[in-house]
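Below you'll find the structure, written out as structure tokens, and then a few comments.
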Amino acid sequence: GWGLAPYARYSFVEFGKFSVWGSAALAFGGGETGVGDNTEKFTAFGLDIHPVLKYDLSDKFTLLTNLNFLNIGFTQVNVKDAATVTNFGLGVDAGDVATLGAINIGFLYKF
């Protein structure tokens with residue numbers, strides 16, 4: 001399969017070196033699913049929106065934290081000659097905070 005997911009971020013609130021951002025990713029892709037001669041082509045489309053916390057450590061280094069346990073998401077998968085599956089979710093799951101992938105922490109270096 002193949003997929004592409006460009007994203008955009010927008011700053012909502014800033015308090016000195018700390019800021020709260022919104023991140024939105026628009027994903028689409030396709031491929032084949034199944035086994036052997038029983039394969040079907042599919043296409044997929046999705047949208048995911050979640051908050052990002054940002055802290056400027058210096059002029060060059062920034063700490064980013066994606067809060068993936070707070071999100072709004074939409075996906076639609078179309079399988080050729082089969083039903084279309086559409087999902088919409090509003091995720092507010094504090095029980096998922098300790099789950100791998102619920103919080104991503106990264107660094108950003110500005111050239």
Side-chain angles (χ1 to χ4, degrees):
W2 61 274
L4 184 64
Y7 71 94
R9 290 185 177 155
Y10 180 77
S11 176
F12 287 102
V13 180
E14 293 186 20
F15 299 104
K17 293 183 173 192
F18 178 78
S19 59
V20 179
W21 293 46
S23 180
L26 183 63
F28 50 97
E32 290 186 2
T33 184
V35 178
D37 293 335
N38 296 326
T39 60
E40 297 288 335
K41 291 188 178 189
F42 73 91
T43 57
F45 169 79
L47 174 67
D48 179 57
I49 302 171
H50 62 270
V52 176
L53 302 179
K54 177 180 168 255
Y55 184 76
D56 293 323
L57 298 170
S58 68
D59 289 341
K60 297 282 186 182
F61 287 99
T62 299
L63 176 67
L64 296 170
T65 304
N66 292 329
L67 303 178
N68 298 326
F69 62 91
L70 297 171
N71 71 335
I72 297 172
F74 167 82
T75 58
Q76 183 175 40
V77 179
N78 301 312
V79 179
K80 186 177 179 182
D81 300 328
T84 297
V85 177
T86 303
N87 293 309
F88 175 79
L90 175 60
V92 181
D93 192 358
D96 256 356
V97 172
T99 302
L100 186 63
I103 297 177
N104 296 337
I105 299 172
F107 289 94
L108 176 68
Y109 178 76
K110 300 173 190 171
F111 292 97

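All values reported here derive from a predicted model rather than from experimental measurement.
- Taking each heavy atom of E32 and K41 in turn, the nearest pair found is OE2-CE, 3.8 Å.
- Between V52 and R9 the shortest heavy-atom distance is CG2-NE, 4.0 Å.
- By the 6.0 Å contact criterion, OH on Y7 is open, its count of non-hydrogen atoms from other residues, nucleotides or ligands being 12 or less.
- Rounding to the nearest 0.5 angstrom, the gap separating the CG atom in N66 from the NE2 atom in H50 is 4.0 Å.
- Looking at heavy atoms from C-beta onward, F18 lies in side-chain contact with L53 at the 4.5 angstrom threshold.
- The NZ atom of K110 sits 9.5 Å away from the NZ atom of K60 when rounded to the nearest 0.5 Å.
- Aromatic ring orientation, Y109 versus F111: perpendicular (interplanar angle above 60°, classes split at 30° and 60°).
- With sequence neighbours excluded, the residues forming a side-chain hydrogen bond (donor to acceptor under 3.5 Å, both in side chains) with S11 are E14, listed by chain and number.
- Hydrophobic clustering (side-chain heavy atoms under 4.5 Å, transitive across Ile, Leu, Val, Met, Phe, Trp, Tyr) groups L57 together with V20.
- Linking Ile, Leu, Val, Met, Phe, Trp and Tyr whenever their side-chain heavy atoms come within less than 4.5 Å leaves V85 and F42 in two separate clusters.
- For F88, there are no ring pair (Phe, Tyr, Trp, His ring centres under 6.0 Å) partners two or more places apart in sequence or in a different chain.
- Once rounded to the nearest 0.5 Å, the distance linking CD of Q76 with OG1 of T86 reads 4.0 Å.
- Taking CG of L90 as the reference point, atom CD1 of I72 lies at 5.5 Å (rounded to 0.5 Å).
- Under the 3.5 Å distance criterion, with hydrogens and angles disregarded, no donor-acceptor pair is assigned to the side chains of S23 and W21.
- Following chains of ILVMFWY side-chain contacts shorter than 4.5 Å, one cannot reach V79 starting from F45, and the two form parts of different hydrophobic clusters.
- The CG atom of L64 lies 10.5 Å from the CD1 atom of I105; values are rounded to the nearest 0.5 Å.
- N78 CG to T43 OG1: the interatomic distance, rounded to the nearest 0.5 Å, is 4.0 Å.
- Using a 4.5 Å cut-off on side-chain heavy atoms (C-beta onward), F107 and L63 make contact.
- Contact check for V77 versus T84: no side-chain heavy atoms found under the 4.5 Å cut-off.
- Side-chain contact check for W2 versus F28: some heavy-atom pair is nearer than 4.5 Å.
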